[in-house]
Number of protein chains: 2
Amino acid sequence: MVTKGNVFDPNCPTRVILDRIGDKWTVLVVLLLRDGPLRFTELRDGIGRIAPKVLTQTLRRMERDGLVSREVFAEIPPRVVYTLTPMGASLIDPISVLTTWAETHMPAITKAQTQYDAV
Amino acid sequence: MVTKGNVFDPNCPTRVILDRIGDKWTVLVVLLLRDGPLRFTELRDGIGRIAPKVLTQTLRRMERDGLVSREVFAEIPPRVVYTLTPMGASLIDPISVLTTWAETHMPAITKAQTQYDAV
DNA sequence: GTAGCCAGTTACCAATAGATACCGTTGGCG
DNA sequence: CGCCAACGGTATCTATTGGTAACTGGCTAC
């Protein structure tokens, strides 16, 4: 009763998820928030090189999907804190599996690329 | 001692992998090839709605990364067969983890989206 | 003869990602 | 008083990418 295998149906909702995970920024945000809530600028600086517009888009999408929660404090200067929801936190494991795979196979991939390009 | 955590370095090779996984077509190709080699049109028809150009791009990239191998038979009509390499096959597990997560949490995500949009 | 299969390629276009500059509010500083 | 910085973004513009539609060449089946 699992999977039902209709990943291949373009309307399959699984596609939506894969698109989210696939978004490189989403993964980084999840990993950054793993150790606790962060503010907008902390996320921006933690990610390194991301346009604020893109970070905003990413966070809004994640908020809409119920992966992060957004708390606004009406202070001056303003303060906005992003936190992983339980569902967002449940993504950490799948993502870890992926990053582990990536780190394990990175050398092989680089080698394959070099060989391919040499031809 | 795992991960070294430099996923946040834009030059980190892990990013490259995540970009590949993130590519929605790559995941589908891996899942389709799980049960054995397929030809170009079989992949195209299996995926459903994909432009041949895009499928070609995807397959070339995967070949370059060493995830699939491409075998050309000099026949008429031409025959090209794509097969998962061992490294490509090793991606099945991480991908399964993801799709399982996706299927498990899909209802919650849909609900979160509906709530968000209602506001 | 013409229509179609196979594995793509080419030309083109729309949507998106991203870089850069800017916004209002307030507090601190000279 | 004038000036700048901090914060969490928006506004605007451009580059890249994803995607569609049409075409190729050699053959075969109708």
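As the structure is a computational prediction, the values presented were derived from the model and not from experiment. In what follows, chains are A, B, ... by sequence order, proteins preceding strands, each numbered from 1.
Among the heavy atoms of the strands lying under 4.0 Å from A/Tyr82 are primed sugar atoms or P, OP1, OP2 only; no base atom is included. Note on A/Arg44: nothing from the nucleic acid sits closer than 4.0 angstrom, heavy atoms only.
In this structure, A/Ile50 places its CD1 atom 15 Å from P of D/dG8, rounding to the nearest Å. The CD-C1' distance, from A/Glu63 to D/dG9, rounds to 14 Å in whole Å. B/Phe40 has its CZ atom 8 Å from the P atom of C/dA7, to the nearest Å. Taking atom CD on B/Glu75 and atom P on C/dC6, their separation rounds to 13 Å, with Å as the unit. Remark: C1' of C/dA17 and CZ of A/Arg61 are 10 Å apart, rounded to the nearest angstrom. Going from atom CG of B/Leu55 over to atom P of C/dT9 covers 11 Å, rounded to whole Å. The nearest whole Å value for the distance from the CG atom in B/Leu38 to the C1' atom in C/dG8 is 17 Å. Atom CD of A/Glu71 is separated from atom P of D/dC7 by 18 Å (rounded to the nearest Å).
Nearest heavy atoms, A/Phe40 versus A/Leu59: CD1-CD1, 4.0 Å. Residues B/Thr85 and B/Ser69 approach most closely at CG2-N, 3.8 Å, considering heavy atoms.
Comparing C/dA17, C/dT20, C/dA7 by their closest approach to the side chain of A/Ala51 singles out C/dT20. With D/dG8, C/dA7, C/dT20 as the candidates, the nucleotide lying closest to the side chain of A/Pro52 is C/dT20. In the set D/dG8, D/dA6, C/dG18, the nucleotide with an atom closest to the side chain of A/Pro78 is D/dG8. Distances from the side chain of B/Arg60 to the nucleotides C/dC6, C/dT9, C/dA7 place C/dT9 closest. Listed nucleotides D/dT10, D/dG8, C/dA7 differ in distance to B/Arg70; the shortest reach to its side chain belongs to C/dA7. You'll find that the side chain of B/Arg39 is closest to C/dA7, out of C/dA19, D/dG8, C/dA7. Residue A/Lys53 has its side chain nearest to C/dG18 when only C/dA7, D/dG9, C/dG18 are considered. The side chain of A/Arg49 sits closest to C/dA19 out of C/dT10, C/dA19, D/dG9. In the set D/dG19, C/dC6, C/dG8, the nucleotide with an atom closest to the side chain of B/Thr56 is C/dG8.
With the nearest nucleotide of DNA chain C identified for both B/Pro77 and A/Lys24, B/Pro77 has the one nearer the 5' end.
At least one side-chain heavy atom of B/Val30 sits under 4.5 Å from a side-chain heavy atom of B/Met62. Side-chain contact between B/Val97 and B/Asp93: absent, with no pair of heavy atoms (C-beta onward) separated by less than 4.5 Å.
In summary, of the residues considered (A/Val27, A/Leu84, A/Leu67), a side-chain contact (heavy atoms from CB on, under 4.5 Å) with A/Leu91 occurs for A/Leu67 alone.
One hydrophobic cluster, built from ILVMFWY side chains closer than 4.5 Å, holds both A/Leu55 and A/Val72.
One finds a side-chain N or O of A/Trp25 lying less than 4.0 angstrom from the OP1 or OP2 phosphate oxygen of C/dG18.
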